[in-house]
Amino acid sequence: AQSVTQLGSHVSVSEGALVLLRCNYSSSVPPYLFWYVQYPNQGLQLLLKYTSAATLVKGINDFEAEFKKSETSFHLTKPSAHMSDAAEYFCAVSDPNTGNQFYFGTGTSLTVIP
Amino acid sequence: EPEVTQTPSHQVTQMGQEVILRCVPISNHLYFYWYRQILGQKVEFLVSFYNNEISEKSEIFDDQFSVERPDGSNFTLKIRSTKLEDSAMYFCASSLAGIYNEQFFGPGTRLTVL
């Protein structure tokens, strides 16, 4: 069965500091992995996705994530946090053997402190 | 930029009543989905829909739920005889293709069952 674990339901960083949001997955086959962001009163917006090409994936707004098979991880990072990065972040996994559905983590709320 | 829209943004209903949540997917997309998120819990897959029929559904999607694409633009989720535990945020999503394809999410409908 597929599942996603996001460690830390709330993360606070100072403006300009490194952002690290953790995501670990379990999957019986090489998965496809996604990070979505949700700003207040908006839908989930795709930040980036891993689809078995390069293991280091770059997304929008200077976010990137690295797929590490040995650690079953897909952590999201950004070198320098902006106030506008404050939002809820969701990691999701898609397993080709089980169809189109996404399996989501519980989300991490990012607060950026000025 | 095309986006998925959902109405209403917030729906309050009495236990036992029927509700219909509405979604307008992106116009050229072929796959449609409903997810829900109970407060403080994971975003959970409910159902996917393709070619005018359900392609996958989770164990949550029991006989109480139904989906319909009544015309060329709307995609609806009906909950018959709502229960207190149906209170959640319901997200609609659509994708151009199936497996591995980015799913575009709407802003959600918050359903409160009293």
Side-chain angles (χ1 to χ4, degrees), chain A residues 1-10 23-27 29-53 57 59-60 63 65 67 74 87-109, chain B residues 1-10 21 23-26 29-51 53-61 88-110:
Chain A
Q2 293 68 38
S3 69
V4 173
T5 302
Q6 290 184 243
L7 290 175
S9 57
H10 297 276
C23 173
N24 288 89
Y25 68 90
S26 67
S27 175
V29 297
Y32 280 25
L33 294 155
F34 305 80
W35 273 100
Y36 280 84
V37 60
Q38 185 180 30
Y39 299 104
N41 300 316
Q42 296 186 29
L44 299 169
Q45 178 185 357
L46 183 70
L47 275 177
L48 47 80
K49 64 181 179 182
Y50 166 75
T51 56
S52 75
V57 181
I60 62 172
F63 281 96
F67 173 68
F74 190 58
E88 189 86 13
Y89 292 80
F90 295 94
C91 182
V93 63
S94 173
D95 178 347
N97 286 347
T98 59
N100 302 341
Q101 62 175 287
F102 282 11
Y103 297 87
F104 283 88
T106 50
T108 298
S109 178
Chain B
E1 185 175 330
E3 58 183 16
V4 176
T5 59
Q6 291 184 242
T7 54
S9 56
H10 192 186
L21 309 184
C23 169
V24 179
I26 294 173
H29 284 188
L30 302 176
Y31 292 78
F32 314 113
Y33 313 85
W34 282 102
Y35 292 82
R36 78 172 185 191
Q37 184 181 30
I38 295 172
L39 189 63
Q41 298 186 25
K42 298 187 178 191
V43 176
E44 301 172 292
F45 170 77
L46 292 177
V47 65
S48 62
F49 192 85
Y50 170 71
N51 200 25
E53 60 183 26
I54 291 174
S55 50
E56 296 172 81
K57 61 181 182 179
S58 72
E59 59 189 23
I60 301 169
F61 194 87
M89 182 72 90
Y90 288 80
F91 294 105
C92 173
S94 68
S95 63
L96 183 59
I99 294 172
Y100 315 143
N101 227 248
E102 175 188 352
Q103 294 181 15
F104 290 78
F105 285 79
T109 293
R110 181 167 296 285

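A note on names: the letters A, B, ... follow the listed sequences, proteins ahead of strands, and every chain is numbered from 1.
- Taking OH of A/Tyr103 as the reference point, atom CZ of B/Phe45 lies at 8.0 Å (rounded to 0.5 Å).
- Residue A/Gln45 holds its CD atom at 9.0 Å from CD of B/Glu102, rounded to the nearest 0.5 Å.
- Heavy-atom minimum distance, B/Gln103 versus A/Tyr36: O-OH, 2.7 Å.
- Counting heavy atoms of neighbouring residues, nucleotides and ligands inside a 6.0 Å radius, atom NE2 of A/His10 does not exceed 12 of them.
- B/Phe105 has its ring centre less than 6.0 Å from the ring centre of A/Phe104.
- Within 6.0 Å of CG on B/Leu39 lie no more than 12 heavy atoms contributed by other residues, nucleotides or ligands.
- Only the side chain of B/Tyr35 comes within less than 4.5 Å of a heavy atom in chain A; its backbone stays farther off.
- Of all the heavy atoms in B/Lys42 and A/Thr106, the pair that sits closest is CG-CG2, 3.2 Å.
- For the set B/Gln6, B/Gln41, B/Glu44, B/Gln37, the entry with the most heavy-atom pairs within less than 4.5 Å of chain A is B/Gln37.
- For A/Phe90, the part lying near chain B is the side chain, with the backbone staying farther off; criterion is any non-hydrogen pair under 4.5 Å.
- In this structure, the portion of A/Gln38 lying under 4.5 Å from any heavy atom of chain B is its side chain and not its backbone.
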